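One-based numbering, in listed order, for ligands and for the atoms of each. Keep in mind the model is a prediction, meaning the values are calculated, not measured.
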Amino acid sequence: MNYSKKWKLKGPKIVVEPPGPKSKKILARKEKCVTDGIRIGLPTALDVAEGPFMRDVDGNVFLDFTAGIGVHNCGHRPEAMVKACKDQLDKFIHICVMVSPYESYIKLAEEMAKICPGKLEKSIFLNSGSEAIENALKIARSYTKKKWIVSYRTSFHGRTFMDISLTGKEKPYRDGFHPLVPYVQHVDFAYCYRCPLGLSHPSCNLACADTIRTVIETAPLAGDVCAFVIEPVEGEGGFINPPPGYWEKIRKICDDNDIVFIDDEVQTGFGRTGKMFAIENWKVEPDIIVSGKGLSLGMPLGGVTGKAKIMATPPPASLGGTFGGNPVCCAGALESIKMTKKVLSNTKMINKVETKRLNEWKAKYEVVGDVRGLGAMMGMELVKTKAGKEPATELARAVQLACFKKGLYILTAGAYGNVVRLHPPLNIDQKLLVKGLDILESALAEESKKAGLI
Ligand SMILES: Cc1ncc(COP(=O)(O)O)c(C=O)c1O
């Protein structure tokens with residue numbers, strides 16, 4: 001498949017070392033007027049983005065393997081989606097669904113019912129993944145009338161108070177913001193590379209899931225757990241995909257204890273793992289799916305889609321918001337669903353190329369400790385030595401910055417910030433994918449050498 005013939009931007013191409021002079025001026029202005037709570041990952045000011053490329057104000061063209069943190073699954077500004085949004089702008093921009101419903105909101109809810117696994121029939125749309133998580137939990141509380149919520153220590157579920165209460169990583173997400181929402185119990189994820197129980201898969205028989213059952217079925221949680229919130233593949237946690245059979249085991253714990261299984265697909269959803277929703281890689285039907293990011297390819301939208309009996313419990317007027325499910329965002333999302341279905345099959349090529357290449361690096365470089373992921377959601381964990389597995393956090397950041405200087409945007413993640421994660425657009429062609437991986441390998445080799453880790 002050749003998706004690239006229409007792109008006007010060509011790259012990657014560095015014309016001046018980033019940040020160039022125009023970017024520097026804008027970044028200096030930012031220092032004076034934007035809160036320090038916003039941390040800049042890659043210091044440059046963007047001008048135009050198209051397909052897999054972004055051009056900064058100095059004329060540098062970057063290849064984007066961040067997808068705006070897992071959003072642009074079909075590349076930047078796909079034509080059909082921009083047109084759908086523009087058409088809606090020409091009709092009406094906002095009214096609020098609580099004032100007057102409009103068809104695109106309802107059509108999107110109908111589409112979500114069709115594409116979600118299992119029998120998830122009703123939806124609500126919000127402004128972001130964070131807000132969608134909030135709403136999913138309000139709905140689960142309303143349905144179960146129970147208190148406790150279980151989530152993973154290495155998870156990430158957003159930035160509101162509820163979301164940071166679920167998220168386990170203290171710095172930078174929770175530190176300084178306490179007290180958080182009570183009745184949240186953290187448990188350990190199936191992080192096989194650093195097994196919390198010191199076991200190995202498959203001989204462990206998924207003992208980590210049995211540990212979770214014990215926590216849930218023992219005081220003070222026993223009989224009082226409302227929801228278990230999971231990411232089928234942890235995103236910010238470092239692209240950690242649990243082994244086969246794991247989610248089936250967690251689902252069974254939820255069934256045995258009348259717990260709402262909330263599947264946070266904000267980062268994994270919309271094709272990233274090769275299925276529309278990552279949970280479809282296991283034989284599990286969630287009770288609620290939370291979506292965001294790729295749902296609307298850059299228009300701000302979050303969704304909660306769940307079983308009808310659960311979604312029916314919050315009383316009228318108890319959920320909503322002024323902008324949630326904005327008509328322009330719904331128009332974009334309807335187009336996004338069509339486009340995502342078309343590019344899903346390309347994830348096989350991405351997975352094949354990345355798996356081969358990353359595993360070659362694992363064999364060749366001492367610093368590549370683990371290679372993992374599903375579909376087009378692949379990452380590698382950098383360590384100081386393979387035997388000691390000491391997280392190479394500074395190296396991961398150095399590799400990210402070196403890639404940036406060479407014209408490639410990548411992200412890091414993980415409990416220790418030492419995972420390099422790859423979010424290329426799902427419709428990238430093989431040549432460009434390889435070009436990006438070549439840049440990444442040269443950055444990895446150079447930076448490991450500089451750090452004396454080769
Ligand atoms: C798994 C997951 N849930 C929720 C969120 C929060 O979404 P948003 O940033 O749109 O509020 C994110 C964002 O990265 C995420 O990765």
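- The protein non-hydrogen atom at the shortest distance from atom 9 (O) of ligand 1 is Ser130 OG, 4.3 Å.
- Near Glu231, meaning under 4.0 Å from any of its heavy atoms, are these atoms of ligand 1: 1 (C).
- Using a 30° and 60° split on the angle between ring planes, Tyr102 and Phe92 fall in the perpendicular class, above 60°.
- Nearest non-hydrogen protein atom to atom 10 (O) of ligand 1 is Gly129 N, 2.9 Å.
- Relative ring orientation between Phe404 and Phe62 is described as parallel, the plane-to-plane angle staying below 30° on a 0-90° scale split at 30° and 60°.
- Aromatic ring pairs are classed by plane angle as parallel below 30°, tilted from 30° to 60° and perpendicular above 60°; the pair Tyr191 and Tyr193 is tilted.
- For a threshold of 3.5 Å applied to N or O pairs, the pair formed by Ile133 and ligand 1 contains no separation below that value.
- Ring pair Phe53/Trp7 is perpendicular by interplanar angle, where above 60° counts as perpendicular and below 30° as parallel.
- Counted within 6.0 Å of CD on Glu79, heavy atoms from surrounding residues, nucleotides or ligands total 12 or fewer; the atom is thus considered open.
- Nearest non-hydrogen protein atom to atom 5 (C) of ligand 1 is Val266 CG1, 3.7 Å.
- Any N or O atom pair closer than 3.5 Å counts here, and Glu131 shares no such pair with ligand 1.
- Within the structure, ligand 1 has Asp264 among the residues with a heavy atom less than 4.0 angstrom away.
- Under a 4.0 Å heavy-atom criterion, Arg159 is not in contact with ligand 1.
- From the protein, the heavy atom lying nearest to atom 14 (O) of ligand 1 is Lys293 NZ, 3.0 Å.
- Asp64 and His76 share a donor-acceptor pair across their side chains, judged by distance under 3.5 Å alone.
- For Lys30, the NZ atom counts as densely surrounded, since its 6.0 Å shell holds more than 12 non-hydrogen atoms of other residues, nucleotides or ligands.
- Gln267 NE2, 2.8 Å is the protein heavy atom nearest to atom 16 (O) of ligand 1.
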